[in-house]
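This report concerns only the one structure given below.
Worth knowing before you read on, the calculation uses all heavy atoms, side chains too, and leaves out hydrogens, waters and symmetry mates.
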Amino acid sequence: AFAFAAFSIVGVYSWSKFASSTAPTNAFNTMKLAKLTFEGTIGSYTAISPDGKYFAYASKQDGKQSLVLKQVDGAGSVELNAPAVVEYGNIAFAPDGNSIFYAAGKPNEPDTLFQIPTLGGVPRKIVDNVGSFAVSPDANQVAFTRSRTSLLLINSNGSSERILAKLPDGQIRSFIAWRPDGNTLMTSV
């Protein structure tokens, strides 16, 4: 009886230690909210770098927009593109964090897809007439929509544009995602 009681106590103690060490923690219990910007108005699209250190967004002021990069844990920010009469669409960091892809265009006109080094530099045009887009896991390709009728693929250097799917007008929505293996795309229709 003593051995059984001792075994039971050790078993219950071991189980409680195992259960408490493997129980999921609720991250929302320790989450802190912090305001990241205090100037202007943020546009509809934002992005956080893969390492979580930077935040890219379109800043709206006086009828113009600029592309801004801000440190998440600091006060420093860099204006990547000067204010202009332009509207920014999607914004996404390359998976390696070394560049930012963004769509921008004049109001009521199709967007152009650009790539710019994360810490600033000269934007490089990839392709015109872009809706939404998604960068491949290796950053070598970009999938994008055009006129909500076509899903296309282009190399990130702007070469080899090709149509992957064509549907009736308005069928392709704005959501595009790559599987982590880079071999499959998903979109909502």
Side-chain angles (χ1 to χ4, degrees), residues 32-136 139-159 161 169-178 185 187-188:
K32 294 186 283 186
L33 299 176
K35 188 171 182 176
L36 294 177
T37 66
F38 294 91
E39 70 282 338
T41 305
I42 294 180
S44 300
Y45 296 95
T46 61
I48 293 184
S49 64
D51 62 7
K53 293 181 180 180
Y54 298 102
F55 170 59
Y57 62 96
S59 177
K60 298 179 183 181
Q61 288 183 325
D62 302 323
K64 296 180 178 183
Q65 290 189 23
S66 60
L67 183 63
V68 178
L69 179 73
K70 181 165 181 62
Q71 292 177 322
V72 171
D73 291 337
S77 65
V78 175
E79 193 172 72
L80 298 175
N81 288 344
V85 179
V86 66
E87 290 181 358
Y88 286 87
N90 289 12
I91 301 171
F93 280 86
D96 64 6
N98 290 328
S99 63
I100 299 170
F101 291 81
Y102 65 91
K106 300 284 183 195
N108 302 314
E109 291 183 17
D111 286 345
T112 298
L113 179 63
F114 294 93
Q115 182 181 19
I116 189 169
T118 296
L119 297 178
V122 178
R124 185 176 53 82
K125 177 182 161 183
I126 297 174
V127 66
D128 288 317
N129 197 6
V130 172
S132 59
F133 70 87
V135 181
S136 67
N140 289 330
Q141 299 179 92
V142 180
F144 65 97
T145 61
R146 181 172 283 153
S147 304
R148 294 184 59 182
T149 61
S150 301
L151 178 64
L152 298 97
L153 190 65
I154 193 166
N155 292 336
S156 58
N157 66 7
S159 67
E161 179 180 319
D169 189 31
Q171 291 281 318
I172 297 179
R173 305 287 185 241
S174 61
F175 172 78
I176 304 172
W178 288 84
L185 280 167
T187 187
S188 54

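Note that OG1 of Thr46 and CD1 of Ile48 are 6.5 Å apart. Values are rounded to the nearest 0.5 Å. How far CZ of Phe55 is from CG of Leu69: 10.0 Å, rounded to the nearest 0.5 Å.
Between the Arg146 side chain and the Val130 main chain, no donor and acceptor come within less than 3.5 Å of each other. Under the 3.5 Å distance criterion, the side-chain polar atoms of Thr112 are left unmatched by any main-chain donor or acceptor of Val127. Checked by atom type and distance alone, the side chain of Asp111 never pairs as donor or acceptor with a backbone atom of Gly131 at under 3.5 Å.
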Next on the checklist: One pair to check against side chain to side chain contact (heavy atoms under 4.5 Å, CB included): Leu153 and Val142. What are the steps and the verdict?
Outcome noted: CA-CA 6 Å; Leu153 190 65; Val142 180; over 6 Å; no

Checklist entry - Between Phe133 and Phe101, does a side chain to side chain contact (heavy atoms under 4.5 Å, CB included) hold up when you go through it step by step? => result CA-CA 9 Å; Phe133 70 87; Phe101 291 81; 3.6 Å; yes

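Between the side chains of Ser66 and Asn81, no donor-acceptor pair of N or O atoms lies under 3.5 Å. When only modelled atom types and interatomic distance are considered, Asn140 and Ser136 share no side-chain donor-acceptor pair under 3.5 Å.
Under the side chain to side chain contact (heavy atoms under 4.5 Å, CB included) test applied with Leu80, the options Thr118, Ile100, Val68 reduce to a single match, Ile100. With Tyr54 as reference, Leu119 is the one residue of Val78, Val72, Leu119 to meet the side chain to side chain contact (heavy atoms under 4.5 Å, CB included) rule.
Salt bridge status for Glu87 with Lys60: absent, with no side-chain N to carboxylate O gap under 4.0 Å.
Across all non-hydrogen atoms, the minimal contact from Pro95 to Pro50 is O-CG, 3.2 Å. Contact record, Ile91 with Tyr45: CD1-O, 3.4 Å, taken as the closest heavy-atom pair. The minimum heavy-atom distance between Asn157 and Arg124, with the atom names listed, is CA-NH1, 3.4 Å. Between Glu161 and Leu152 the shortest heavy-atom distance is OE2-CD2, 3.5 Å. When all heavy atoms are compared, the tightest approach of Asp51 to Ser49 is OD1-OG, 2.6 Å. Looking at every heavy atom in both residues, Ser156 comes nearest to Ala139 through OG-O, 2.8 Å.
Between Tyr102 and Tyr88, the angle of the ring planes lies from 30° to 60°, which puts this pair in the tilted group.
Contact check for Pro107 versus Val85: side-chain heavy atoms found under the 4.5 Å cut-off.
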